[in-house]
Amino acid sequence: MAPLIRSFRPRSWRPQSLCSTCTYRSTRVRYQATNSTPDESKPYYVTTPIFYVNAAPHVGHLYTMVLSDVLKRWQLLKGKKAILLTGTDEHGMKIQQASAKAGSDPKPFCDKGADIFKTLAARAELSNDHFIRTTDAAHKEAVEYAWHLLNERGYIYQSKHEGWYSVSDETFYPESQVHLVLDPPTGRKIMASVETGKEVEWTSEINYHFRLSAFRDKLLAYYAENPEWITPQTKMKDVVSAVTAGLEDLSISRPSKRLTWGIRVPTDPEQTIYVWLDALINYATAAGYPWAPGEEHAGGWPADVQVIGKDILRFHCIYWPAFLMALDLPLPKRFLTHAHWTLGKQKMAKSTGNVVNPFFALDRFGTDTMRYYMIHDGGIDNDADYDNAFIIERYKKGLQGGLGNLASRITRGKGWSVRRAVERFAGDDQSKLPFGEEHDNRAAILEFGKLVRDFPQAIDGRMQALRPNLALKDLMNNIYAANAFLQAQSPWDIASKLKAGDAVPNADSAEHAERQMDYVIYLCTEVLRLSGIMLQPVMPAKAKYLLDMLGVADDRRGFVDAQLGADKDYGESRVPLGKGQLGVLFAPLTSDS
Ligand code: MSP
């Protein structure tokens, strides 16, 4: 059998030689692995796109990060092993030009850029398990290995390429996709991409091509078999129609004399590998590619969810699956594509300077508040306009007025004991209900009880559908409903009547009245406990504090515990709940708020 790659060996099984047949078989998994986990021990694998280091991050990048992090943390909450990958995209013409402009060599320029994104990830409390850089040695090996396989399998050929290249988008556009426009800042007439408005330049060169056109039917068949592959559905449709319209082969290298900053074609140092082929492979590199036999899934591949912005759909949902099919690797199980943040209704983009610095926003409003705002208001289907006034409004209405207020009313209320209410009613035993058929509020209380019983499953359903925004809004609606219920039931009226020794309507004894009051408190406390558990992925620090306020044990904070009546042991606060700001979950915003 002819050796596939003479000098190259996969990372994790260096001592063995590699032949085409055994490698081919070892990684052979049908594309349609979508819903079957090849290996039960495979971690749930979530990825963010990797960020270009040519300019500072903005809140659009923060959004992609937080969205991915919430999806990962939800799986942890559900007791699964889950991992998150983020990182930086450091090669290509764009970075080469940006570093030259900054008067720096590319590598130190990238080091600086990568550090900023690492700092952002840490500042946003991202629970990433990996931070990959495409300049990492392991990644270079993985890309070279993939190139060899693609070449070996006949998917790469060399030919002359003529076309319009956008450095900013790092992509070629066909003639039909470019037009002449007046560049607003300079008044120059330039050729630009119709889709992105970015300037393109004519290039004519010999380079390597990938036989993308050969994958049209396979891709269409895959999409047809996996109609839920991309969320939202509109994006799935866009991809299907783009592929149906036809695919041209893809230029996957540039002459090294033009593009020096990148991974060289292993067999031809005169050519540098196209940055998108290089970049997409990062998702596999971080999962340990090239894998040793038997280790194909240990690092997480295939990814369970890949989160991307809508602008990079084509690269991820057409090119990437075609590369994977060509490599005979399983495809990611799902994509979540999100819409963009705008500022003043204009796209937020570093190229135009119309951006919000995420570090300032995190400092100003706090990490949890920003995470809440990003998830609550961030667009999946439609763009969302970023506005400090909205952040303040969400804080005041949702966090302070909704969640914080409910927590404060329940845990700092004087006329009852949360612990006593839990002791009385935990276990969700219907026979314990402290009111009979004749009780005036029976219907309202039962209805509210049903809402508390059902809402964790509803939230989980939203998360399974990759709709964290809707999950959060539903959760907040339950908080608002709990505040309204509390207001309507006014347990403080019962408390003051009991204190004064007055009769309580619907109760035939003081003990009976106290049980009625405690039941209302219990249901609201349960809303807080279940919400606290389910908010952990969104607001890790605030959710922890809320659960501490309720005295929920550390090992009772998983999704299995998020059921009405599931925890009988909580109710003694683990933090001081005094007067004033002591024990306040969401303090008033400072200064100009
Ligand atoms: N390097 C590529 C991705 C390669 S993945 C193999 C890239 N980088 S980027 O830095 O330009 O963008 C990273 C992510 O940020 C993308 O998902 C992009 O959609 C997202 N966003 C960029 N601007 C955005 C907004 N204004 N709003 C929300 N997300 C935005 O593309």
Side-chain angles (χ1 to χ4, degrees), residues 46-68 85-95 98 110 113-114 116-117 120-121 124 130-135 139 142-143 146 166-171 195-196 198 230 235 262 273-287 303 305-321 323-324 332 335-358 361 373-375 377-386 469:
V46 183
T47 67
T48 74
I50 50 172
F51 303 96
Y52 286 130
V53 288
N54 61 312
H58 58 69
V59 294
H61 302 131
L62 174 65
Y63 178 50
T64 302
M65 282 184 173
V66 172
L67 202 51
S68 312
L85 165 71
T86 191
T88 41
D89 190 353
E90 304 186 5
H91 289 136
M93 198 66 96
K94 182 159 150 147
I95 309 297
C110 290
I116 299 174
F117 277 97
L120 178 63
H130 306 288
F131 189 102
I132 195 169
R133 299 181 56 185
T134 51
T135 48
H139 178 66
V143 172
S166 160
V167 172
S168 184
D169 298 336
E170 291 283 21
T171 193
E195 186 188 338
T196 64
K198 295 287 164 45
I230 307 173
K235 296 294 178 231
I273 297 176
Y274 174 45
V275 62
W276 269 102
L277 172 56
D278 166 347
L280 287 162
I281 289 171
N282 92 85
Y283 302 126
T285 308
V305 191
Q306 299 210 252
V307 177
I308 56 168
K310 61 180 180 178
D311 54 317
I312 51 176
L313 183 68
R314 178 164 43 105
F315 303 99
H316 283 83
C317 299
I318 301 177
Y319 301 172
W320 180 220
F323 293 150
L324 288 167
F335 279 96
L336 171 60
T337 75
H338 61 76
H340 282 163
W341 284 95
T342 55
L343 184 62
K345 304 271 181 198
Q346 301 299 312
K347 187 181 173 200
M348 202 181 279
K350 47 201 172 190
S351 55
T352 56
N354 188 42
V355 291
V356 174
N357 179 326
Y373 173 62
M374 294 268 101
I375 298 297
D377 278 37
I380 302 279
D381 301 87
N382 303 308
D383 289 352
D385 206 35
Y386 183 94
N469 55 340

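Counting starts at 1 for both ligands and their atoms, in listed order. Along the sequence shown, residues are numbered consecutively beginning with 1.
- The side chain to side chain donor-acceptor pair (under 3.5 Å) search around Asp383 returns Lys310, not counting sequence neighbours.
- In this structure, His338 is part of the shell of residues with a heavy atom less than 4.0 angstrom from ligand 1.
- Checked against side chain to side chain donor-acceptor pair (under 3.5 Å), Thr64 has the following partners two or more places apart in sequence or in another chain: His338.
- The contact set between ligand 1 and His58, taken as ligand atoms under 4.0 Å from a residue heavy atom, comprises 22 (C), 23 (N), 24 (C), 25 (C), 26 (N).
- Among Tyr63, Trp276, Phe315, the residue whose heavy atom lies closest to atom 4 (C) of ligand 1 is Trp276.
- Nearest protein heavy-atom neighbour of atom 5 (S) of ligand 1: Tyr283 OH, 3.3 Å.
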Are His139 and Ile281 close enough, and set up right, to give a side chain to side chain contact (heavy atoms under 4.5 Å, CB included), and what steps lead you there? CA-CA 8 Å; His139 178 66; Ile281 289 171; 4.2 Å; yes

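- The single protein non-hydrogen atom nearest to atom 30 (C) of ligand 1 is His340 CD2, 3.6 Å, given as residue, atom name and distance.
- The protein heavy-atom contact nearest to atom 26 (N) of ligand 1 is Met348 O, 2.9 Å.
- In this structure, the protein non-hydrogen atom closest to atom 31 (O) of ligand 1 is Ile312 CG2, 3.5 Å.
- Of all atoms in ligand 1, numbered sequentially from 1 with element shown, those under 4.0 Å from a heavy atom of Asp311 are 18 (C), 19 (O).
- The nearest protein atom to atom 3 (C) of ligand 1, hydrogens excluded, is given as Ile50 O, 3.2 Å; this is a heavy-atom distance.
- Listed by atom number, the atoms of ligand 1 under 4.0 Å from His316 heavy atoms are 5 (S), 6 (C).
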